[in-house]
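None of the values given here were measured: they were computed from a predicted structure.
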Amino acid sequence: MRGAFVRLSSVLERYPKEDVKRFLGTFRCSKDTDLEEFLHDKAIMFEDKGRSRTYLLLNDEGDNRILAYFTLALTEITVPEDNSLSNSTVRRMDLSGGKTVGYLIGQLAKDDSVKEHIGHYLMDAATEQLKVSYMQNGGRVMCIDCKEPMIGYYEDEGFVLVEPSPNGKNGLYRLVRLF
């Protein structure tokens, strides 16, 4: 994959916010418009408020278009008693009252113009970034929320389904992976 990851905060430091917003608006993800809308409408606000950090994969062949992106954040992870996790995984999560704090891979998307399968590449980049946080700050759990068709993909990436039904109002399934 030809390109380089750039933190959205770095882009915001160098260019006027309105220019950055227009630039983010060029990203298209017709397979999941929620991912497109996040980048267009929420990424800058979440960055400004410190709720998450977004990393853009920019084309390094002259046009600097956005090839893909991922967003990372901290989140509370609730593990219900009737979970799908192994006992050893639950023990290693070091739960308190069925909860722990972990890292959330909140968004993971590629632009419609990218024909290559780069999901594994994006996941590796997100995981490497989280490993830096883990080594510096602790916290051994990472999680991802996804729609049902993506469960198998994330299981292949080493994540384990927390419970067999979607969580909360958003209808997403939560999967976890430990460092």
Can you give me the closest heavy-atom contact between Met93 and Ile77, atom names plus distance?
CE-CG2, 4.1 Å
Measure the CD-OG1 distance between Glu76 and Thr100 for me, rounded to the nearest 0.5 Å.
9.0 Å
When Tyr69 is tested against each of Tyr55, Phe27, Phe5 for ring-ring contact (aromatic ring centres under 6.0 Å, His included), which residue passes?
Phe27
Of all the heavy-atom pairs spanning Ser30 and Glu36, show the shortest one and how long it is.
N-OE1, 4.2 Å
Rounded to the nearest 0.5 Å, what separates atom CD1 in Ile144 from atom OG1 in Thr75?
12.0 Å
Suppose we screen for side-chain contact (heavy atoms from CB on, under 4.5 Å). Which residues come up paired with Asp156, at least two apart in sequence or across chains?
none
Leu74 side chain reached by Tyr103 side chain, heavy atoms, under 4.5 Å
yes
Let me confirm one number: the NE2-OG1 distance from His40 to Thr33, rounded to the nearest 0.5 Å.
10.5 Å
In Å, rounded to the nearest 0.5 Å, how long is the span from CG of Leu8 to OG of Ser52?
8.5 Å
Taking only residues two or more places apart in sequence or in another chain, which ones pass ring-ring contact (aromatic ring centres under 6.0 Å, His included) with Phe179?
Tyr134
Let me check something: do Phe38 and Leu172 share a hydrophobic cluster, defined by ILVMFWY side-chain heavy atoms less than 4.5 Å apart, either directly or through other members?
no
Looking at Asn87, I'd like to know if its CG atom is crowded, meaning that more than 12 non-hydrogen atoms belonging to other residues, nucleotides or ligands lie closer than 6.0 Å.
no
Rounded to the nearest 0.5 Å, what separates atom CZ in Phe23 from atom CG in Leu58?
5.0 Å
Nearest heavy-atom pair of Arg65 and Ser113: which atoms, and what distance?
NH1-OG, 2.8 Å
How about Gln129 and Leu72: do any of their side-chain heavy atoms sit closer than 4.5 Å?
yes
In chain order, what residues pass the salt bridge (charged side-chain N to carboxylate O under 4.0 Å, His left out) check against Asp41, with sequence neighbours excluded?
none
Of all heavy-atom pairs between Leu122 and Ala109, which one has the smallest distance, and what is that distance?
CD1-O, 3.8 Å
Output all residues satisfying side-chain contact (heavy atoms from CB on, under 4.5 Å) with Val90, sequence neighbours left out; order by chain, then residue number.
Asn83, Leu85, Leu95
Please tell me whether Phe159 and Val162 are part of a single hydrophobic cluster in this structure, the criterion being side-chain heavy atoms less than 4.5 Å apart.
no
Beyond-backbone contact of Glu157 with Thr127, side-chain heavy atoms, under 4.5 angstrom
no
Check side-chain contact (heavy atoms from CB on, under 4.5 Å) between Ile151 and all other residues, then give those that pass, not counting sequence neighbours.
Cys146, Glu148, Glu155, Leu161, Tyr173, Leu175
With the side chain counted from C-beta on, respond yes when Arg92 and Thr89 share a heavy-atom pair under 4.5 Å apart, and no when they do not.
no
In a check of side-chain contact (heavy atoms from CB on, under 4.5 Å) between Leu56 and each of Leu67, Leu39, Asn64, which one passes?
Leu39
Quick one: closest heavy-atom pair of Asp111 and Arg28, and the distance?
OD1-N, 2.7 Å
Quick one: CG on Leu12 to NZ on Lys17, what's the gap to the nearest 0.5 Å?
6.5 Å
Less than 4.0 Å between a side-chain N and a carboxylate O, is that true for Glu18 and Lys21?
no
Side chain to side chain donor-acceptor pair (under 3.5 Å) filter on Arg53, not counting sequence neighbours, yields Glu47
Tell me, yes or no, whether the heavy-atom count around Met45 atom CE, taken from other residues, nucleotides or ligands under 6.0 Å, exceeds 12.
yes
Beyond-backbone contact of Ile105 with Met123, side-chain heavy atoms, under 4.5 angstrom:
yes
Can you tell if the side chain of Asp19 reaches within under 4.5 Å of the side chain of Arg14, non-hydrogen atoms only?
no
Minimum heavy-atom separation for Cys29 to Asp112, with atom names?
CA-OD1, 3.4 Å
Tell me, do Met142 and Val176 make a side-chain contact under 4.5 Å, heavy atoms counted?
no
